[in-house]
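Structure first, then comments.
Please read all numbers here as calculations on a predicted model, not as lab measurements. Order of the sequence lines sets the chain letters (A, B, ...), proteins ahead of strands, with each chain counted from 1.
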There are 2 protein chains.
Amino acid sequence: MAEKISGAVITRLPRYYRYLGELLEEGIDRISSRELSGRMKVTASQIRQDLNNFGGFGQQGYGYNVANLYDEIGKILGIGLTQNMIVIGAGHLGQAIANYTNYGKRGFVIKALFDINPDLAGYSVNSAPVYPLSKLEDYLKENDVKIAAICIPKTHSGEVAKRLTAAGIKAIWNFSHLDLDVPDDVIVENVHLSESLMKLSYKLNYESEKK
Amino acid sequence: MAEKISGAVITRLPRYYRYLGELLEEGIDRISSRELSGRMKVTASQIRQDLNNFGGFGQQGYGYNVANLYDEIGKILGIGLTQNMIVIGAGHLGQAIANYTNYGKRGFVIKALFDINPDLAGYSVNSAPVYPLSKLEDYLKENDVKIAAICIPKTHSGEVAKRLTAAGIKAIWNFSHLDLDVPDDVIVENVHLSESLMKLSYKLNYESEKK
DNA sequence: TCCATATTGTTAAAAATTTTACAAAAATTA
DNA sequence: TAATTTTTGTAAAATTTTTAACAATATGGA
């Protein structure tokens, strides 16, 4: 894995993983790039190219073993390692996240939520406790957590990101409407919902223009 | 706008819009592509190329008028047109969405939520009523709604998507863990949260490998 | 076992995207 | 007002990504 893998490839990996999971559930134990291509609506060539960034998982004349490929992609994605997470913001979105990732998603365990409103402390969401934000640093000193989801408005997210990285957080799943400025060794994965909705809006306009 | 605009460009538009909004708030009334480049961490050239897909909004020796460019991009994105929306699923995520888009986001008005659990009917979220899912078709017959957000598990989202498009919905904001199969003239914008988290996980592994 | 078929891994070609470079034009300064 | 500076819009070059093509190889059937 010496060569730098392009972002486009990485973005597609979880989708392969999802389809392979579905195949497993269907009891299918082997699949060719062409058949997968038909299901996923991408070219067979792209599937083979993407996978070969990480190794030759297939076999000529046979295709890919579903269970094996599923495991391999899982490993590449770091699934099954058990990653502790915290969620900043116990509002609707924070609660949705705290419930969502438990939906069977592998290895990601939400250990706690933090909220600026101290009145929420004592409650729990999906069996994860809610603490006041003031206890953030103390908590991180005593618990092995690398990932934090930021589910608070942009007015406070920049400040909180600073506190998180200062306290040792290595990856931020950012739902706030702001591009976070973090040290080089910290990863940020953005989910800008309103930008996604605007994209939908653009396409809606553009499509209706066609008629 | 005869030429087909690439997906990459469209994805970047909302981000330009966001930064221009910030500039407006800061009271800055003109900006060059180079200055914006510094803020957004993209090349000035890309900014100019992107904008010129839609027209020459700038002026040599001056740059871009912030208010004007903000408006123009807003128009391109269809902002301010007032789009009615419904949300399928009144769980945590559906409620988060119903609250979220109201956060000042322009023109998108959530008129109602629908849930398979009829006991939720009668409640309201952010002043939008919750109806039983069985009333979906009746509701869409009597209300002008083009956009639906799907916030239910994949076990039911395929079926619901069929009902939505049959009832005239033109765009689906899909939060379910499934690629929806819809007619050609219907737009789908996916938000696959667990795939986003896996991407983060990949990067976390990859980064730590570097050390 | 041998032959026809299937299918990968990979190289090469094509297409798309991004960056560079610069002429044209407006703004600012002297 | 003229000269200098700034900055766009865009053509061309460079890079990246995707698709096509195919030799190598395994499978499955006769």
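Of the side-chain N and O atoms in A:Arg12, none sit less than 4.0 angstrom from OP1 or OP2 of D:dT17. Phosphate contact (OP1/OP2 of D:dG9, side-chain N/O of B:Arg48, threshold under 4.0 Å): absent. When the side-chain nitrogen and oxygen atoms of A:Tyr64 are compared with OP1 and OP2 of C:dA6, none of them lie within a distance under 4.0 Å. Dashed line: the shortest gap from a side-chain N or O of A:Ser6 to OP1 or OP2 of D:dT16 is not under 4.0 Å. Phosphate contact (OP1/OP2 of C:dT5, side-chain N/O of A:Arg34, threshold under 4.0 Å): absent.
Donor-acceptor pairing under 3.5 Å, judged by distance alone, is present between the side chain of B:Gln49 and the base of C:dT19. One N or O donor and one acceptor, one from the side chain of A:Ser45 and one from the base of D:dA20, sit under 3.5 Å apart. Side-chain atoms of B:Gln59 and base atoms of C:dA26 include no donor and acceptor less than 3.5 Å apart. Checked by distance alone, A:Gln60 brings no side-chain donor or acceptor within 3.5 Å of a matching partner on the base of C:dT7.
The interatomic distance linking A:Asn53 (CG) with D:dT17 (P) rounds to 10 Å, in whole Å. When rounded to the nearest whole Å, the span between OH of B:Tyr62 and P of D:dG9 equals 13 Å. Here the C1' atom of nucleotide D:dT7 and the CD atom of B:Glu35 are 12 Å apart, to the nearest Å. A:Leu51 has its CG atom 14 Å from the P atom of D:dT18, to the nearest Å. Atom P of nucleotide C:dT8 and atom CD1 of A:Ile47 are separated by 9 Å, given to the nearest angstrom. One atom, CG of B:Asn52, and another, C1' of C:dA25, lie 14 Å apart when rounded to the nearest Å. In this structure, the CD atom of B:Gln46 is 17 Å from the P atom of C:dA21, given to the nearest Å. Distance B:Leu69 CG to D:dT7 C1': 15 Å, rounded to the nearest Å.
A salt bridge links B:Arg15 with A:Asp179: the distance from a Lys NZ or Arg NE/NH1/NH2 to an Asp or Glu carboxylate oxygen falls below 4.0 Å. The residues B:Lys111 and B:Glu142 are annotated as not salt-bridged, no charged nitrogen and carboxylate oxygen being separated by less than 4.0 angstrom.
In terms of position on DNA chain D, the residue among B:Gly56 and A:Arg30 whose nearest nucleotide sits closer to the 5' end is B:Gly56.
Relative to the side chain of A:Ser33, the nucleotides C:dT8, C:dT19, D:dT18 differ in distance, and C:dT8 lies closest.
Although no hydrogens or angles enter the test, the distance criterion places no donor-acceptor pair under 3.5 Å between the side chain of B:Ser201 and the main chain of B:Leu197. A donor-acceptor pair is defined here as one N or O able to donate and one able to accept, closer than 3.5 Å; no such pair exists between the side chain of A:Asn174 and the backbone of A:Val188.
Both cation-pi conditions hold for A:Arg30 and A:Tyr62: the charged atom is under 6.0 angstrom from the six-membered ring centre and inside a 45 degree cone around its axis.
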